[in-house]
Amino acid sequence: MKELNKTYSPKDFEGRIYAEWEEKGYFRAVVDKSKKPYCIVIPPPNITGQLHSGHALNNTLQDILIRWKRMQGYSTLWLPGTDHASIATEAKIVESMKADGVTKEDIGRDGFLKRAWEWKRIYGGTIVQQLKKLGSSCDWERERFTLDEGCSAAVQKVFIDLYNEGLIYRGERVINWCPNCRTSISDIECEYEEKDGFFWHIKYPLADGAGQVDFIEVATTRPETMLGDTAVAVHPEDDRYKHLIGKMLLLPLTGREIPVIADEYVDKDFGTGAVKITPAHDPNDFEVGMRHQLPLVNVMDDSAVINAENGGKYAGLERYAARKAIVADLEAEGLLVKVEPHKHNVGGCQRCGVVVEPRASLQWFVSMNHPEKSLSVPAMEVVRDGRLHWAAKRFENVYMQWMENIRDWCVSRQLWWGHRIPAYYCLNSGCEHVTVTETAPEACPKCGAKVVQDEDTLDTWFSSALWPFSTLGFPEKTPELEYFYPTNVIVTGYDIIPFWVARMIFTGLKFMDDVPYRDVFIHGLVRDEQGRKMSKSLGNGIDPLDVIDKYGADALRMTMVFGVSQDSDVRWSENKVTASRNFANKLWNAARFIQMKIDGQLTIDNGQLTVALESESLQIEDKWVLSKFNRLVREVTANLDGYDLGVAAGKVHDFIWGVYCDWYIELVKSRTDSIPVLLYVMDGMLKLLHPFMPFITEEIWQAMPRVSVLGCDYDPPESIMVSRFPEYSEHLDFAEAEADFDKVVELISAIRARRSEMNVPPGKRVSLKIEAADLRLFESSADFFEKLAGCINLEVGETVIPPEDSVIIVTPSARAFLPMGELIDKAKEIERLEKELDKARKDVEFISKKLSNTGFVTKAPAQQVENERAKLAKAQEKLSGIEKSLEGFRK
RNA sequence: GGGAGAUUAGCUCAGCUGGGAGAGCAUCCGCCUUACAAGCGGGAGGUCAUAGGUUCGAGCCCUAUAUCUCCCACCA
């Protein structure tokens, strides 16, 4: 048996233990049909990433579930991997190339990809090493990467199948364009922020202008887009403009003629009631343009610089410079009516924050609401029929609301780092046939001309959407896929419900014909002490590795889970970490205590100590702790089942500290025959705690001898990781003993409180007389009153004559007398007792009142009424105890 | 504009299907009691945001109001 160090120093063993686990292959998952499968796929961190607080939280929660299920005997697989994170990684590599003075264009696609893979080789493994420090029990032999061969095959298969079904199409639409990243982004990658802007009112003169009204006034927040205007729209019922519908206007600064059209889309009461229509630069205008067959006039290039094609004299100007120039020119021409300040929401790129430019372009889309083959409808049905269960209702609502309003998903990106779209275009301008296929065709299957592959790659979330089955072998029909799919639960933050969770659900249903996971366990974000999001720009983030270094991985994990509830974010504070570390220290010392106690008392045979724990040999305090432990097991398991991980952790913590250490150890300190119970409960607590604090529990567990309980042989595995999670046992249900001994605990607490209030020196021994109905209970507890309450010479009787000058302590089950001689101020004692009497009377009155309320007695559940009666009895006993005591005093 | 959540001790948060308000930290008092001062024992501290309502009974359910947070939409 290994002796535990005097101080708890996690650094000394966390690394060593993790290496042992890995070496012994405990993380390895096997397809074992004799066991039930339990599988979680990791939310793959970006290869660009460094472990941050969010990862720490996310992976702690997954590891808790996986370790718990593994101990319950499931065949568990926690499948790890990383995400290529196309846009983020590409940006990072471009940035790193700057140092060498090289651009993407300089080195070309192949050169760039070579660099990217090299970059991945060097940095891609960092986060994996960091996850190991946390204690994550992933099956590293199955580690995957969204851009590896298998995942790429899955992406191809899915893309091609969806295309063939008509669920992926290519089309020209107004999409969100990031002029900085120079790629399209999806709707959800566009983040809106309210900004102060202006509303420019501009005159658009009539082409054949004459008479009173010779112009229409329009208002815009983006005047530069007027270069691309192809109409002005008014409401068909708007009397101000009715007569102008169909007339032509002269688009200022360009001289182009554009029509006045009527469309219901226009709100008569907003602005001037006339809207400039720029189909190429506004999604709503695009729709209007479609209805009226308006031409698309794209005025910007991919950096949001005004193009030569349609920009006229503004060509070459960056969009905001163009805006300035255009406004100035309009003013010079007397066409600028007014400029109003205007607050409006402006969309920014999620990646870089640059204001996105809505822009018509040819892109690939996943059709979400196909009339016959809708992807969104089944994804909602599985929630409604219960096949997919959200652990927290409120996030289910978020999901459903999002799914109901879903629009087609723009999946093509003008990037190089990612899955290249498997579409090939015929170069024969008369043919223009598109071939979507796995392997590049030699020539156009239709006309035989040369073909060229689409330059674009797919949204990084496209491959993430397939993660739960691509990592298990799809499109192959592997044993893993059959055994582990659907996975059991996905654990992730609420911020990526639309990006990831929703998309996994509809792709899983489409390609695997089943949900990707049964449960969705959503957690919050980690915030700083002031409740702010942790971010690089604020510099308020914590580095989990620093925390591990300083306090240990167990303390970090416990901090994460202790504050977590399904509904809220976790607020980080160093205080919480120290509290967790202190808890670990407490446990460590309890274990050390046991080791010292065992020393010399028992011979350990080959590291094994088999002590039978038999019911007959148990003392009341043993039964008391076993009974409480047994209930703890049941509750903790139920909490874990319901994904209330924070509650479960709290209960284990409270038991270890508040029951086992504070009471049980103190109670049995001097007993040697308590060792089996001490060991048994320690063993069980360690197991309950192991999923939360894997390292310290392993270190201690291996340093403890094994104990068998109630005749059951103990099968000692070599690691707590693969030991059996405790189960509730009827043999350990000692309700009566527990309730009885609670009375002793209650009286000890009361005596301590009184002593403390009266400033009795802790070391001072006082003799004690107890008046109680249950003589044996208190008589047999003499030792406890001495050790824990400093009371000696215990006498117990059914009726006791109060000694001179004694303090009287009353609980519902007993009266205790402590003669304290000169320490007693009789008058004060009477005063105190009178106060207590008053309170006791009120108690009795309160409960009696309730019980004499016919409404209560007739309407409340019988059990409730019963409880109140029991309470009343207790209160009455206490009251009479105080009354008696006061009487004695007054004599 | 629509929706969700929050509001409980100085701080961070628990409080299960309604049945006399809890923990940790901080604070105060007393203790180095040989497992643990990263500790032990004890105390103080709350008209559970506000106003109504339902009920025998409301921190919990309903309706308004206030403040905060977040999500969705994006009338140019």
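Order of the sequence lines sets the chain letters (A, B, ...), proteins ahead of strands, with each chain counted from 1.
Looking at A/D554, its side chain does come within 3.5 Å of a backbone N or O of A/F695 through a donor-acceptor pair. In terms of modelled atom types and a separation under 3.5 Å, the side chain of A/N540 and the main chain of A/S535 share a donor-acceptor contact. With hydrogens and angles ignored, the 3.5 Å screen pairs a side-chain donor or acceptor of A/K576 with a backbone N or O of A/R571. A/Q595 places a side-chain N or O within donor-acceptor distance of the main-chain N or O of A/L4, the cut-off being under 3.5 Å. No side-chain donor-acceptor contact under 3.5 Å links A/K628 to the backbone of A/Y660.
Between A/R832 and A/E836, at least one side-chain N (NZ, or NE/NH1/NH2) sits under 4.0 Å from a carboxylate O, which counts as a salt bridge. Under the 4.0 Å criterion applied to side-chain N and carboxylate O atoms, A/R752 and A/E666 are not assigned as salt-bridge partners. Between A/R222 and A/E357, at least one side-chain N (NZ, or NE/NH1/NH2) sits under 4.0 Å from a carboxylate O, which counts as a salt bridge.
Contact annotation: A/R765 does not reach the phosphate of B/U33 (side-chain N/O to OP1 or OP2, under 4.0 Å). At the phosphate of B/C40, OP1 or OP2 sits under 4.0 Å from a side-chain N or O atom of A/K586. Between A/K850 and B/G20, a side-chain N or O to OP1/OP2 separation shorter than 4.0 Å is present. At the phosphate of B/G20, OP1 or OP2 sits under 4.0 Å from a side-chain N or O atom of A/K871. Look at A/R581 and you won't find any side-chain N or O under 4.0 angstrom from OP1 or OP2 of B/A38. Phosphate contact (OP1/OP2 of B/G41, side-chain N/O of A/R755, threshold under 4.0 Å): absent.
The nearest whole Å value for the distance from the CZ atom in A/R394 to the P atom in B/U69 is 15 Å. Following rounding to the nearest Å, A/L525 (CG) and B/C71 (P) show an atom-to-atom distance of 9 Å. Atom CD of A/E404 and atom P of B/A73 are 14 Å apart (whole Å). As rounded to whole Å, 16 Å separates atom C1' of B/C71 from atom CG of A/D187. Atom pair A/K669:NZ and B/U34:C1' shows a separation of 9 Å (rounding to whole Å applied). Distance A/M758 CE to B/C29 P: 20 Å, rounded to the nearest Å. The separation between A/F784 atom CZ and B/U33 atom P is 22 Å, rounded to whole Å. Rounded to a whole Å, the CD1 atom of A/I522 is 14 Å from the P atom of B/C71.
Counting atom types as modelled, A/E396 pairs no side-chain N or O with a base atom of B/A4 as donor and acceptor under 3.5 Å.
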Using atom types as modelled, flag every donor-acceptor pair under 3.5 Å from a side chain in residues 395-404 of chain A to any protein atom, sequence neighbours excluded.
residue	atom	partner	partner atom	Å
A/E396	OE2	A/K393	NZ	3.2
A/Y399	OH	A/A379	O	2.7

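The side chain of A/R592 sits closest to B/A35 out of B/U12, B/A35, B/A76. Residue A/T221 places its side chain closer to B/A76 than to any other of B/A76, B/A35, B/C70. Which of B/C70, B/A35, B/A76 sits closest to the side chain of A/T220 comes down to B/A76. Of the candidate nucleotides B/C13, B/C72, B/A76, B/C72 has the atom lying nearest to any side-chain atom of A/Q401. Closest contact between the side chain of A/N589 and the listed nucleotides B/G19, B/U12, B/C36 involves B/C36.
We find the CD1-CG distance between A/I751 and A/L768 to be 5.0 Å, quoted to the nearest 0.5 Å.
Using a 4.0 Å heavy-atom cutoff across all strands shown, A/I277 reaches no nucleic acid atom at all. Contact annotation for A/K787: no contact, since no heavy-atom pair falls under 4.0 Å across all strands. Residue A/V266 is classed as a base contact, given a heavy-atom separation below 4.0 Å to a base. Contacts of A/D843 with the nucleic acid, taken as non-hydrogen atoms under 4.0 Å apart, include base atoms. Residue A/P861 is classed as a base contact, given a heavy-atom separation below 4.0 Å to a base. Within the 4.0 angstrom heavy-atom criterion, base atoms lie near A/Y8. Residue-level contact check: A/S573 touches neither bases nor backbone, having no heavy atom under 4.0 Å from any strand. Using a 4.0 Å heavy-atom criterion, one finds that A/I847 contacts the bases of the nucleic acid, with or without backbone contacts as well. Backbone-only engagement by A/E868 is indicated by non-hydrogen atom pairs under 4.0 Å involving sugar-phosphate atoms exclusively.
Applying the 5.5 angstrom centroid cut-off and the 30 degree plane-angle cut-off, the aromatic ring of A/F856 is not stacked upon the base of B/G57.
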Can you check nucleotides 42-45 of chain B for protein contacts, nitrogen or oxygen pairs under 3.5 Å, and list what you find?
residue	atom	partner	partner atom	Å
B/G42	O2'	A/S756	OG	3.3

Check nucleotides 21-25 of chain B against the protein and report each pair of N or O atoms closer than 3.5 Å, with its distance, or say if there are none.
residue	atom	partner	partner atom	Å
B/C25	O2'	A/N575	ND2	3.4

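In RNA chain B, runs of at least 3 consecutive Watson-Crick or G-U pairs, each pair with both distances below 3.5 Å, span B:1-7 with B:66-72, B:10-13 with B:22-25, B:27-31 with B:39-43, B:49-53 with B:61-65.
The same atom, P, is picked in B/U67 and in B/C61; the two are 22 Å apart, to the nearest Å. A distance of about 16 Å separates the C1' atoms of B/A51 and B/U7, rounded to the whole Å. Straight-line distance between the P atoms of B/C16 and B/G59: roughly 13 Å, to the nearest whole Å. Rounded to a whole angstrom, the distance from the C1' atom of B/A21 to that of B/C13 is 14 Å. Separating the C1' atom of B/U8 from that of B/C71 is a span of 26 Å, rounded to the nearest Å. Atom name P, nucleotides B/C60 and B/G5: the rounded distance is 16 Å, in whole Å. B/G18 and B/G53 are spaced 15 Å apart, taking the C1' atom of each and rounding to whole Å.
A side-chain donor from one of A/D569 and A/Y494 sits under 3.5 Å from a side-chain acceptor of the other. A/N867 and A/Q863 share a donor-acceptor pair across their side chains, judged by distance under 3.5 Å alone. Under the 3.5 Å distance criterion, with hydrogens and angles disregarded, a donor-acceptor pair is assigned to the side chains of A/E574 and A/Y551.
Other residues, nucleotides and ligands contribute more than 12 heavy atoms inside 6.0 Å of the NZ atom of A/K787. Counting non-hydrogen atoms of neighbouring residues, nucleotides and ligands closer than 6.0 angstrom, the CZ atom of A/F198 reaches no more than 12 such neighbours. In the displayed structure, A/K195 atom NZ is contacted under 6.0 Å by more than 12 heavy atoms of other residues, nucleotides or ligands.
For residues 283-292 of chain A, the set of pairs meeting the salt bridge (charged side-chain N to carboxylate O under 4.0 Å, His left out) definition, not counting sequence neighbours, comprises A/D263-A/R291.
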>> Applying side chain to side chain contact (heavy atoms under 4.5 Å, CB included) to A/Y8 and A/N582, what does each step give before you reach the verdict?
In response: CA-CA 9 Å; A/Y8 166 63; A/N582 293 353; over 6 Å; no
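Residues from residues 194-202 of chain A placing a heavy atom under 4.0 Å of any atom in RNA chain B do not occur.
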